[in-house]
Protein chains: 2
Amino acid sequence: MARPTMNDVARTAGVSLKTVSRVVNGEPTVTPDLAARVRAAVESLDYRPHLGASMLRRNDRRTRTIGVLLEDVSNPFSGALHRAIEDEAHARGVHVLTGSVGDDDGRERELARAFRQRQTDGLILAPTGSDQGYLSHFTGTPVVFVDRAPAGFRADTVVSTNVAGAAGAVRHLVGHGHRRIAYLGDRPHIPTARERFRGYLQALGNRPGPVVHDIRGEAAAERATITLLRRADPPTALFTSHSVITIGALRALRRLGRHRSVALVAFDDFPLADLLEPAVTVVAQHPARIGRVAAEALFERIDGYDGPPREIRVATTLIARGSGEISPGP
Amino acid sequence: MARPTMNDVARTAGVSLKTVSRVVNGEPTVTPDLAARVRAAVESLDYRPHLGASMLRRNDRRTRTIGVLLEDVSNPFSGALHRAIEDEAHARGVHVLTGSVGDDDGRERELARAFRQRQTDGLILAPTGSDQGYLSHFTGTPVVFVDRAPAGFRADTVVSTNVAGAAGAVRHLVGHGHRRIAYLGDRPHIPTARERFRGYLQALGNRPGPVVHDIRGEAAAERATITLLRRADPPTALFTSHSVITIGALRALRRLGRHRSVALVAFDDFPLADLLEPAVTVVAQHPARIGRVAAEALFERIDGYDGPPREIRVATTLIARGSGEISPGP
DNA sequence: ACATCGAGAGACAACGTTGTCATGGAGTAG
DNA sequence: CTACTCCATGACAACGTTGTCTCTCGATGT
């Protein structure tokens, strides 16, 4: 039993093929009587139009699908982004194809290409690879970047105010009397990490405390923190520039029993930060807002807006909860 | 400038349409020389095959896309599920359309229908609505349920061992001397909630402590917990059957300063549970495993397996961290 | 040298839908 | 009563691709 076609519907309803097409597409020029018969036939045969054929004949090339490539759909930041994008898409009757890029440099390209091959109407991308130049011949498929600035290619970009946010965090610590404030951060070739580091430097007037770059993963962050605190001249406060690093640092502080004596301000909020002891002071990003704004920008592009690439910054919010208000020891 | 077609490629390469088709589809019966010319033409014109036309003509009806409908892609459980499913799909060259169903009873049906309309090869669904009967005429599109059992329709289902897990949690508390153990749970019409409640009852030999059903959201859970603990005869231990409820209960315990004196075992693990004080004892689910198993089952179905609906249970793990090992007061 | 075979290449139809145009019948104005 | 308009309906082609069949040409075997 093959899938029913419009012709089958036409035959059962006793009308022409074209009339079925009209009813299915909601054209108003069909007598109610006929329309009803067609709808009944559609129902009884469980007819569903063949999108391939429809796409083929239509001149409008929209698939009403966008692609979303995030670092890892299972982390809370990506999840919130994803959800916000999905809500915007849903409101427009658009569907969302997702992919996790992870750290694999090739997977970003591979998935971006595959999505384009699938004729997604647009793409929202959290760039992971070191170069997005390959996007330059994606003519006709608008792209919006989120969370990180791209390299080698320019398009609308929606990111947090990383410099200002980081600077605010560090100034907060300075305001509580700290002088030796450590920076713990991700690989500095990542634009976001670089910006946060810049904010850190700026707040300290380019006279940084101990700096550790290139931290990858919770365990590495924990080790780095322990090493820092065992120095002869340990920092009295930490600024962690990424939530994974924050968790590692928290574990280290616990392990050394220093969580009530070493101050900490983290970039990026995380669930339950307020229930820890002490509760963790953070510079909160607003992933839902970033996602919404990015989706709006993408849909503008899809609808034909053709201005120059825009860089949209979403402000961060410092939330004082306790860990950032610890004073340096005597 | 319209999009190039196979004909354009054929003309530039000086071969026939069909030869281009063969090269594009990797058929081996083309002279290397011609194949090279075709590939050069494809490159220079930035030709990409029109999926619609291809799908139309091919007799293989696969879109190599599956749909995944979860409660909310931004919660950690759904995120981990999603990620695991995506990894399995990626390994098979299959793409993933996602949707968040939320609590909206209609959105589940709407999205399920839309995905099927899009001709996804299969669907993984965490059912939210009270009835999945509408799926019964989804002939030809295999469905696998995750996290919750469906109602009104049977298909492969992958869920945690809810009864055993909950019973284990409660027995753990009993083992630490508790007699008045409260149950805090979601709406009992949800199969998962009902099963966990059954496990609770079973562990107590059908002589339950205080029971609160129908808790929706963190705030409600917090209020319910406060009410419970202010009773004349308050419970000495809590069993929270859902992570949202767990968070609310934790907040309430903090607020009343009872977090070190009232025991708690939670169903479902959550990030940082080990960093709270006391660290939270949980019955951990394994969403990544659930997702992987569900994806495997779906792909088996897609590949033609046609046995009766299977119910696959993924075991939970009790992780003792502190909160569940608090003894009842004198 | 001739028949046979095989493999690479092309001609052509077909997939299910929508755009275009023709048709016919009812309604309206003169 | 006729001529004209209008509009619902239908016939037909076309979209870009792949399946099938045929053709051609060179190789092989006798």
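Note on naming: letters A, B, ... go to the chains in the order of the sequence lines (proteins, then strands), and numbering restarts at 1 for each one. Here the structure is a predicted model, which means the values were calculated and not measured.
- Note on B/Thr19: only backbone sugar-phosphate atoms sit closer than 4.0 angstrom, heavy atoms only; bases stay farther off.
- Comparing B/Gly52 and B/Glu27 along DNA chain D, the residue whose closest nucleotide (by nearest heavy atom) sits nearer the 5' end is B/Gly52.
- Under 4.0 angstrom from either OP1 or OP2 of C/dG16 there lies no side-chain N or O belonging to A/Thr5.
- At the phosphate of D/dT18, OP1 or OP2 sits under 4.0 Å from a side-chain N or O atom of B/Arg58.
- A donor N or O paired with an acceptor N or O is found under 3.5 Å between the base of C/dG10 and the side-chain atoms of B/Arg22.
- Rounded to whole Å, the distance from CD on B/Gln117 to C1' on C/dG16 is 14 Å.
- Residue-environment remark: CZ (B/Arg39) stays at or below the threshold of 12 foreign heavy atoms within 6.0 Å.
- If you check D/dT17, C/dG16, D/dG10 against the side chain of B/Met6, the one that comes closest is D/dT17.
- Within 4.0 Å (heavy atoms only), A/Leu17 reaches at least one base atom of the nucleic acid.
- Here A/Val30 lies in heavy-atom contact (under 4.0 Å) with sugar-phosphate atoms only.
- Closest approach to the B/Ala53 side chain among D/dT17, C/dT17, D/dG10 is made by D/dT17 (side chain taken as heavy atoms from C-beta onward).
- Distance, A/Lys18 NZ to D/dG10 C1': 10 Å, rounded to whole Å.
- Using a 4.0 Å heavy-atom criterion, one finds that A/Asn7 contacts no nucleic acid atom at all.
- Atom-to-atom, NE2 of A/His50 to C1' of D/dC15 comes out at 14 Å; the value is rounded to the nearest Å.
- Of the listed nucleotides (C/dC15, D/dA11, C/dG10), C/dC15 has the atom at the smallest distance from the side chain of B/Leu56.
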